Amino acid sequence: MSQQNQICQIIAQELNVRVEQVLATVTLIDDGNTVPFIARYRKEVTGGLDDTQLRNLDARLSYLRELDDRRQTILKSIKDQEKLTPELEKEILATDSKTRLEDLYLPYKPKRRTKGQIAIEAGLEPLADSLWQNHQLDPETEAAKYVKDSIADPKTALDGARAILMERMAEDANLLDKVRTYLQKNAELQSRVATGKEQEGEKFKDYFEHNELISRVPSHRALAMLRGRNEGFLQLSLNADPAQEESVRGSYCETIIAQHYALYFNGSPADAWLKQVISWAWRIKISMHLETELMGALKERSEIEAIEVFATNLKDLLMAAPAGPRATLGLDPGLRTGSKIAVVDATGKVLATETIYPHQPHNKIEASTNTILKLVQAHNVDLIAIGNGTASRETDTLVADIIKRHNLKVQKIIVSEAGASVYSASELAANEFPNMDVSLRGAVSIARRLQDPLAELVKIDPKSIGVGQYQHDVNQSMLAKRLDAVVEDCVNAVGVDVNMASAALLTRVAGLSTAMAQNIVAYRDEQGRFESRTALKKVPRLGPKAFEQCAGFLRIMNGKNPLDASSVHPEAYPVVKEIAEKTGKATKSLLGDSDFLRNLRASDFTNETFGLPTVTDIIKELDKPGRDPRPEFKTATFAEGVTEVKDLEIGMILEGVVSNVANFGAFVDIGVHQDGLVHISALTDRFVADPREVVKAGDIVKVKVMEVDIQRKRIALSMRLTDEPGEQQSQRGSKPSNDRRNAPRQSQPQKQAESANAAMGGAFAAAFAKAKK
């Protein structure tokens, strides 16, 4: 079997799909097809794999190919050493784990001269072998036979023999696998405060004396402890035997080593020395190696979970409901430097900009009111988008008063301004608005992100949008790759109006590079709007392959061909033509005729090229051409008079917007400049393992204020509106006590774990609030 087929078999088993599906998909990927294109337009080839399955397949394919490259390097290295046996080669070829592969390579890996190698060169390997094999030998007596030039005495000889055996154990792949398996299940992560760092590291006080099974440490706690260690406030270690009494010497891992080699001690002369060898091998070699490895694995697992949290939140934010093409006034609130205003028309074009000073220390309320009123009336503004940063609620109150006093038919909405300042100072913004003050660009961004969050947020580095969990502690290249995939999937799921889109948005379309996107905009500026998809072929550097990949995701509104405004790919237009001819209807009249299309049988229009999945998709698209998969636009109403944390009262029921979701709960913006935390146990009456089962970023929810800590700026909320503040949390949202899969060890009470979660959430909330602008 070829290595390609073997890789595809592994992936098929992991994804629970057929090998043929994986083989076909790998061929498409290798031919330069993008995931969005494959997911949408090659369903017959892949057997209907969706974009999530395809992303997982692509990631796993990269991992296994990297593994295979490493495998070949290792095989060559061992072969060059003339130490490659058929059995070893078979093991190396069979493994699908990088860890196992490196374990097998350990004895043959080039390294600096070790004590064991020096001992072998000194001729002490026969001593090590004889004592290992014959326990009846007296170590001192045997060692005396090896005293010579470089070996001064029996002790030196025994030290060398011990070094040889210790290295053998530390390089035994099968032994390492057994000990690793035991530690993964039973070892405990211990966190202690670094000496003298109690005050300076107070934000990590929940981990000053914390014990938890390493297999059960959730990602947010792991990353918090790892950050504490990196900043010098915490010391982390692994306890291999947490259940063992302190008075018991040795580790159960030493028993595992003895059992692995079938060593049974019954008082023979060499037993004590061999026990010491095993103990030293564990404490000096194996434990240190595996502790480093398991800590690394914990970090990697936690990073992957944190990245997925970020990716999920980003997707929810990007796919938030757009207000649509309506004239909008964007307001970026401020105090001393004033509030910035930008008015954009339905297409996002900037019509006017102003700066007003309605708040302290200026208090120019009347002048500010007149400016807003004049702009709303002059440009027929439908929406007012107010950034949620400093002075947001004060500005919201001002705008509400203007609307009420002057009976304006305008809707005001608080909009997240996360990343707006990053965009304002970016090269992209400078190119878009070269003659506009940086501060005013933020107001433009706020207005546009209400009209279409996706189109505006793609201009900002996803890491600057502020919906991540410990985003600065995770692998940055892995994070960037995952977030880029999320943005790409979202943009292509919605589709892009090629005559309206910015270069930043076009860059995210499947098959288009940055250069191609810029060329499309330049061609559009020079030649005028595109009247058809085929006109895209005239754009410099946009060749046949790029056109194939991008055409279905680019929309031509009110163009020559009505199908150009839909997600029907140009390659499939002949199918629509056949439907029209067979039914005697014009193509244009097919669009939106639900009653007629509902009675069509997709199987009547299939052929060798277009199968049932594609024809079914085409008929669905004809029913609702160019439909937007995003939800209907809705807004939250913040409570009047509640603008700061000090205005909150225990027991208040408020409406808010979910701003972020973490593994331990959800953060909700209730309009007081500090997001409150709904702990996972307070999201609903039933147990949930993942907060995303209940809420997602952008959801409008009702919450009850359970606790307010003004000094530390912490707000505890509950979505269980019948909960009473101050009472102990009921068990409705907790896992039954007899199920400990998600709980720490018994030595770490559930209450302490919940407290650690809440404290961690508070720290994260503070960091999140700080990063929002």
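Please read all numbers here as calculations on a predicted model, not as lab measurements.
- Counting only distance, with no hydrogens or angles, the side chain of Arg180 and the backbone of Leu175 share no donor-acceptor pair below 3.5 Å.
- Rounding to the nearest 0.5 Å places NZ of Lys696 at 11.5 Å from CG of Leu317.
- In this structure, Lys83 fails the cation-pi test against Tyr108, since its NZ or CZ atom is not both closer than 6.0 Å to the six-membered ring centre and inside 45 degrees of the ring normal.
- With sequence neighbours excluded, the residues that form a ring pair (Phe, Tyr, Trp, His ring centres under 6.0 Å) with Tyr523 are Phe530.
- Surrounding NZ of Lys459 are more than 12 heavy atoms belonging to other residues, nucleotides or ligands, all under 6.0 Å away.
- Residue Gln4 is tested with Asp68, Asp30, Leu64 for a side chain to side chain contact (heavy atoms under 4.5 Å, CB included); the sole match is Asp30.
- Within a 6.0 Å sphere centred on NZ of Lys463, other residues, nucleotides and ligands contribute more than 12 heavy atoms.
- Each salt bridge (Lys or Arg N to Asp or Glu O under 4.0 Å) pair with one or both residues in residues 551-575, not counting sequence neighbours, appears once here: Arg42-Glu571.
- The closest side-chain heavy-atom distance from Thr312 to Val661 is not below 4.5 Å.
- With rounding to the nearest 0.5 angstrom, the CG atom of Leu176 is 5.0 Å from the CG atom of Asp103.
- The residues Arg529 and Glu531 are annotated as salt-bridged, a charged nitrogen and a carboxylate oxygen being separated by less than 4.0 angstrom.
- Not a single side-chain hydrogen bond (donor to acceptor under 3.5 Å, both in side chains) links Glu300 to another residue, sequence neighbours left out.
- Applying the salt bridge (Lys or Arg N to Asp or Glu O under 4.0 Å) rule to Lys76 yields the partners Asp80; only residues at least two apart in sequence or on another chain are considered.
- When side chains are defined from C-beta on, Ile29 does not count as touching Val26, because their heavy atoms never get closer than 4.5 Å.
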Ile7 and Leu67: side chain to side chain contact (heavy atoms under 4.5 Å, CB included), yes or no, with the steps? CA-CA 10 Å; Ile7 287 174; Leu67 174 70; over 6 Å; no
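- Distance CD/Gln184 to CG/Leu294: 6.0 Å, rounded to 0.5 Å.
- Partners of Phe37 under the ring pair (Phe, Tyr, Trp, His ring centres under 6.0 Å) rule, at least two apart in sequence or in another chain, are Tyr41, His569.
- In this structure, Cys490 SG and Asp51 CG are separated by 9.0 Å, a value rounded to the nearest 0.5 Å.
- Remark: of the listed residues Glu308, Glu303, Glu305, Glu308 is the sole one forming a salt bridge (charged side-chain N to carboxylate O under 4.0 Å, His left out) with Arg482.
- By the 4.5 Å heavy-atom criterion applied to side chains, Met557 and Asn499 are not counted as neighbours.
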Please list, one pair per line, the donor and acceptor atoms closer than 3.5 Å that link side chains of residues 506-515 to other protein atoms, with sequence neighbours excluded.
from   : atom 1 : to     : atom 2 : distance (Å)
Thr507 : OG1    : Ala503 : O      : 2.7
Arg508 : NH1    : Asp484 : OD1    : 3.1
Ser513 : OG     : Met516 : N      : 3.2

